[in-house]
Amino acid sequence: MNPLRHKFLPISFLVSCLGLIFSAYNIVSVFIHEDTCLFNSCSIFSNFNFMGFSLWWVSAIFFALILIFSLFGFALAIRLITAWALLADLGLLFVMINTTMCVKCIGAGILLACSYYAVRYENRRPCDPYPKTLLLNSWLILLIALLGAGYAAILEGFPIKQGAKTTTNIFFSPSCSACIQLVKKEYNNPNIAWYPVEEDENDVWYILYMDKQLQAGDNLLQALEKAKNAKPEEQLTILDAFSFEYFSMQYKLWKNSSIVKRRTNTIPYIEVFGTSKDLLGNEKQNTTIQVQDTKTVESLLGTDTALCGESIPCE
C-alpha cells in the first residue's frame with residue numbers, strides 16, 4: 001500500500017495555489033482592461049469561452065478543485081482530472097502552433113503540467129522515483145514545437161468564398177459595418193477571396209450559418225443578410241457548442257484572425273497582389289502595382305494609385 005495515499009499533498013497544493021492566483025489575476029485584468037499579452041495576435045483567444053464562461057473562470061475552478069483534493073490527499077481524483085485537462089491542452093497547443101502563440105495560455109499550461117506531474121511524484125511507488133508518462137512527454141514535444149515555431153509571419157488562411165481567379169484577399173467580419181458595405185459592393189466579384197474573422201463573440205455562429213447558406217447556393221451577400229436576420233446564436237443548443245463543425249470553424253477563424261492581427265489593427269483588411277491596404281485609412285498609396293484586372297484594384301484602392309499594365313508601361 002502506498003504510504004502517501006489519502007495524505008496531504010504539499011507540492012500539488014503549492015502548484016494549485018499558484019494556478020489559482022494566476023487564473024484570478026487574469027480574471028481581474030479583464031475588468032480593469034489591462035492587456036497583459038506580449039503579442040497583439042494572441043488576443044484572438046480572448047473571446048473564446050466555455051458555455052458562456054471565460055476559460056480563466058474554468059481554470060480558477062480547476063485549480064481550486066486541485067487545492068481541495070490536495071488537502072485531503074485525493075490523489076486518484078487529481079490524477080484523473082489533470083490527465084483530462086492536459087489532454088485538452090494538447091489540442092490548444094496544436095491550435096497555437098498553427099495560429100499564434102498565447103503567452104498566458106502557455107503559462108497556464110505549464111502550471112497544469114506541473115500539477116499533473118506533482119501528484120504522480122507525490123503518489124509514486126518506491127521503485128519509481130521519477131514517474132514517466134506518455135501524455136506528459138507528448139505535451140512537452142508540442143510545447144517545444146510551439147516555441148520553435150515562434151512568431152511565424154507567413155500563414156495561409158481559410159476563405160469562406162473564393163473566385164476562380166483570385167487577385168484580392170479580403171478579411172471581414174459579419175459584425176463590422178464597413179465590412180458589410182464592402183460585401184454589398186464586391187460580393188459578386190470573381191477575383192476576390194473572402195476570409196472571415198471574429199470581431200464579436202457571436203461571429204462564429206453567423207459565419208457557420210453563412211457557410212451553410214453558401215453551400216446551399218446563395219451568394220455571399222445573400223448568406224450574410226440571412227445570417228444577420230436569422231440571429232443564429234439564439235437558435236443553438238448547448239450541444240452545438242461541442243460539435244466538430246463548431247470547433248472546425250473556430251479553428252479557421254483563429255487562424256484567419258492571427259493573420260490580420262500580425263499586420264493591422266483594423267478590418268476589413270485587404271491584400272491586392274500581396275500589397276495590403278487598410279480600407280479605413282486616409283493615407284494615399286503611391287506604390288505602382290502590376291495588375292491584370294484594373295477594375296478590381298480601382299474599386300478597392302481608389303483612383304489615387306498609379307496602375308500599370310494597359311495604358312501605363314510597367315517599370
Side-chain angles (χ1 to χ4, degrees), residues 1-32 34 36-37 42 45-46 48-97 101-147 238-239 241-242 247:
M1 180 176 179
N2 193 327
L4 293 176
R5 193 179 302 276
H6 301 306
K7 292 187 178 181
F8 174 59
L9 305 172
I11 302 178
S12 296
F13 179 82
L14 177 60
V15 174
S16 62
C17 286
L18 294 175
L20 185 58
I21 293 172
F22 184 71
S23 302
Y25 168 73
N26 284 286
I27 292 172
V28 173
S29 66
V30 173
F31 291 102
I32 63 177
E34 179 183 350
T36 57
C37 193
C42 73
F45 298 106
S46 60
F48 188 69
N49 56 70
F50 180 77
M51 297 177 62
F53 295 96
S54 167
L55 285 184
W56 291 116
W57 283 102
V58 178
S59 175
I61 295 172
F62 169 82
F63 283 112
L65 284 175
I66 299 296
L67 187 149
I68 295 171
F69 291 160
S70 299
L71 284 172
F72 295 96
F74 295 157
L76 180 59
I78 298 176
R79 288 171 67 110
L80 290 175
I81 62 176
T82 54
W84 280 106
L86 196 63
L87 187 62
D89 198 55
L90 282 174
L92 178 58
L93 286 176
F94 178 79
V95 169
M96 287 193 288
I97 288 174
M101 184 185 301
C102 174
V103 178
K104 293 189 291 185
C105 300
I106 293 175
I110 291 174
L111 289 169
L112 168 60
C114 289
S115 291
Y116 176 82
Y117 184 81
V119 68
R120 280 155 179 77
Y121 179 78
E122 292 183 293
N123 200 42
R124 68 192 183 279
R125 295 184 180 90
C127 61
D128 188 17
Y130 300 103
K132 302 177 181 65
T133 69
L134 177 62
L135 183 58
L136 184 60
N137 291 335
S138 301
W139 182 88
L140 287 172
I141 290 172
L142 279 185
L143 178 63
I144 293 172
L146 173 61
L147 297 176
I238 295 177
L239 294 178
F242 293 93
F247 282 104

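Keep in mind that what you see is a predicted model, and the values were worked out from it rather than measured. Positions are given from 1 along the sequence.
In this structure, the side chain of Ser138 engages the main chain of Leu134 through a donor-acceptor pair within 3.5 Å.
Residues Ser115 and Phe63 share a closest heavy-atom pair of OG-CE2, 3.8 Å. In terms of heavy atoms, Ile11 sits closest to Glu122 at N-OE2, 2.8 Å.
Atom CG in Leu136 sits 9.0 Å away from atom SG in Cys114 (nearest 0.5 Å). Distance OG/Ser23 to NZ/Lys104: 11.0 Å, rounded to 0.5 Å. Atom CG of residue Leu20 and atom CD1 of residue Ile61 lie 10.5 Å apart, to the nearest 0.5 angstrom.
Residues passing the ring pair (Phe, Tyr, Trp, His ring centres under 6.0 Å) test with Phe62, sequence neighbours excluded: none.
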Throw together a table of side-chain donor-acceptor distances under 3.5 angstrom for residues 67-96, partners on residues two or more places apart or in other chains.
from	atom 1	to	atom 2	distance (Å)
Ser70	OG	Ile66	O	2.7
Thr82	OG1	Ile78	O	2.6
Thr82	OG1	Arg79	O	3.2
Asp89	OD2	Trp139	NE1	2.7

